[in-house]
**Q** 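Dropping the structure in here first, questions after.
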Amino acid sequence: MLIVAAALFALAALGGLAMAFIHFRKDRNPPGALAAVHGAAAAAALLILLWAVVQAGGGAAVSWALGLLAVAALGGFFLVSFHLRGRRLPSAGVVVHALAAVAGFVLLLLAIAGA
């Protein structure tokens with residue numbers, strides 16, 4: 001289950017990279033459809049990861065990964081609120097969201113590699 005979660009997070013990361021490129025290079029908000037696919041993949045991955053931790057424990061690295069990815073999800077909800085109001089996403093929010101997500105994803109990959 002951890003590998004499935006990691007694969008979905010990788011898919012979400014590709015969408016996140018595309019959205020960050022649009023935000024920082026083209027100086028506009030990314031398309032809502034791309035944000036929706038990114039969020040759906042990340043949410044599915046987070047639920048699978050949560051289920052894996054509840055079922056099997058997972059260890060410290062997986063628990064930290066889950067925590068960081070949950071923080072990233074909260075940051076994603078914050079960013080969506082700007083999207084829904086038609087306002088430009090705050091760059092600091094984009095960066096914090098990305099940093100939390102990358103840190104959690106790397107920890108998850110390290111936990112999978114160590115398992």
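Keep in mind that what you see is a predicted model, and the values were worked out from it rather than measured.
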**Q** Testing the basics here: between Ala41 and Ala12, what is the closest heavy-atom pair and its distance to 0.1 Å?
**A**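 Between these two residues, the closest heavy atoms are CB-CB, 4.0 Å.
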
**Q** I'd like to check Trp51 versus Met1 (side-chain heavy atoms, cut-off strictly below 4.5 Å). Are they in contact?
**A**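 Counting from C-beta outward, Trp51 and Met1 do come under 4.5 Å.
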
**Q** Provide the closest heavy-atom pair for Ala45 versus Ala5 in the form atom of the first, atom of the second, distance.
**A**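 Closest approach of Ala45 to Ala5, heavy atoms only: CB-O, 3.5 Å.
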
**Q** I'd like to know whether CD1 of Ile3 has more than 12 heavy-atom contacts from other residues, nucleotides or ligands below 6.0 angstrom.
**A**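 It does not: Ile3 CD1 has 12 such atoms or fewer within range.
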
**Q** What are the two closest non-hydrogen atoms of Ala61 and Leu107, and how far apart are they?
**A**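 For Ala61 versus Leu107, the nearest heavy atoms are O-CB, 4.2 Å.
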
**Q** Minimum heavy-atom separation for Ala52 to Leu2, with atom names?
**A**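 Taking every non-hydrogen atom into account, CB-CD2, 4.0 Å.
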
**Q** Just by modelled atom types, is the Gly15 backbone N or O under 3.5 Å from a matching donor or acceptor in the His38 side chain?
**A**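 No, His38 side chain to Gly15 backbone: no donor-acceptor pair under 3.5 Å.
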
**Q** Testing the basics here: between Ala35 and Met19, what is the closest heavy-atom pair and its distance to 0.1 Å?
**A**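 Reported closest heavy-atom pair: CA-SD, 3.5 Å.
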
**Q** Side-chain contact test, heavy atoms from C-beta onward, threshold under 4.5 Å: evaluate it for Phe24 versus Val94 and give yes or no.
**A**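 Yes. Closest side-chain heavy atoms under 4.5 Å.
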
**Q** Could you check if a side-chain atom of Phe9 sits within less than 4.5 angstrom of a side-chain atom of Leu49, using non-hydrogen atoms only?
**A**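 Side-chain contact under 4.5 Å: yes.
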
**Q** Under a single-linkage definition using a 4.5 Å side-chain heavy-atom cutoff for Ile, Leu, Val, Met, Phe, Trp and Tyr, are Leu50 and Phe105 assigned to the same hydrophobic cluster?
**A**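 Yes; Phe105 is reachable from Leu50 via cluster members.
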
**Q** Considering non-hydrogen atoms only, spot the tightest contact between Leu79 and Pro90 and give its length.
**A**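 Smallest heavy-atom distance, with atoms named: CD2-CD, 4.1 Å.
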
**Q** Check the hydrophobic clustering (I, L, V, M, F, W, Y; side-chain heavy atoms under 4.5 Å; chains of links allowed) and say if Val54 and Leu69 are grouped together.
**A**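 Hydrophobic grouping puts Val54 with Leu69.
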
**Q** Nearest 0.5 angstrom please: Leu89 CG to His97 NE2, how far?
**A**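 Spacing of CG (Leu89) from NE2 (His97) equals 10.0 Å.
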
**Q** Are Leu109 and Val4 linked, directly or through intermediate hydrophobic residues, by side-chain heavy-atom contacts shorter than 4.5 Å (ILVMFWY only)?
**A**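 Hydrophobic grouping puts Val4 apart from Leu109.
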
**Q** Flag yes if more than 12 heavy atoms outside Arg85 fall under 6.0 Å of its CZ atom; otherwise flag no.
**A**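 For Arg85, atom CZ is crowded (more than 12 foreign heavy atoms under 6.0 Å).
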
**Q** Are Val71 and Val62 connected, step by step, through hydrophobic side chains (Ile, Leu, Val, Met, Phe, Trp, Tyr) whose heavy atoms are closer than 4.5 Å?
**A**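 Each belongs to a different hydrophobic cluster.
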
**Q** If we only count heavy atoms from C-beta on, is the Leu66 to Leu46 side-chain gap below 4.5 Å?
**A**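 Result yes, sub-4.5 Å side-chain heavy-atom pair found.
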
**Q** Can you measure from NE2 (His83) to CZ (Phe77) and round to the nearest 0.5 angstrom?
**A**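 Answer for the NE2-CZ pair, His83 versus Phe77, is 14.5 Å.
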
**Q** Please assess Lys26 against Phe21 for the test side chain to side chain contact (heavy atoms under 4.5 Å, CB included), listing each intermediate value before the final yes or no.
**A** CA-CA 7 Å; Lys26 299 191 181 228; Phe21 178 83; 3.9 Å; yes

**Q** Going from CD1 on Ile22 to CG on Asp27, what distance comes out if it is rounded to the nearest 0.5 angstrom?
**A**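 Between atom CD1 of Ile22 and atom CG of Asp27 there are 12.5 Å.
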
**Q** Would you check if the side chain of Asn29 reaches a backbone N or O of His23 as a donor-acceptor pair within less than 3.5 Å?
**A**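 Not confirmed, Asn29 side chain does not pair with His23 backbone.
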
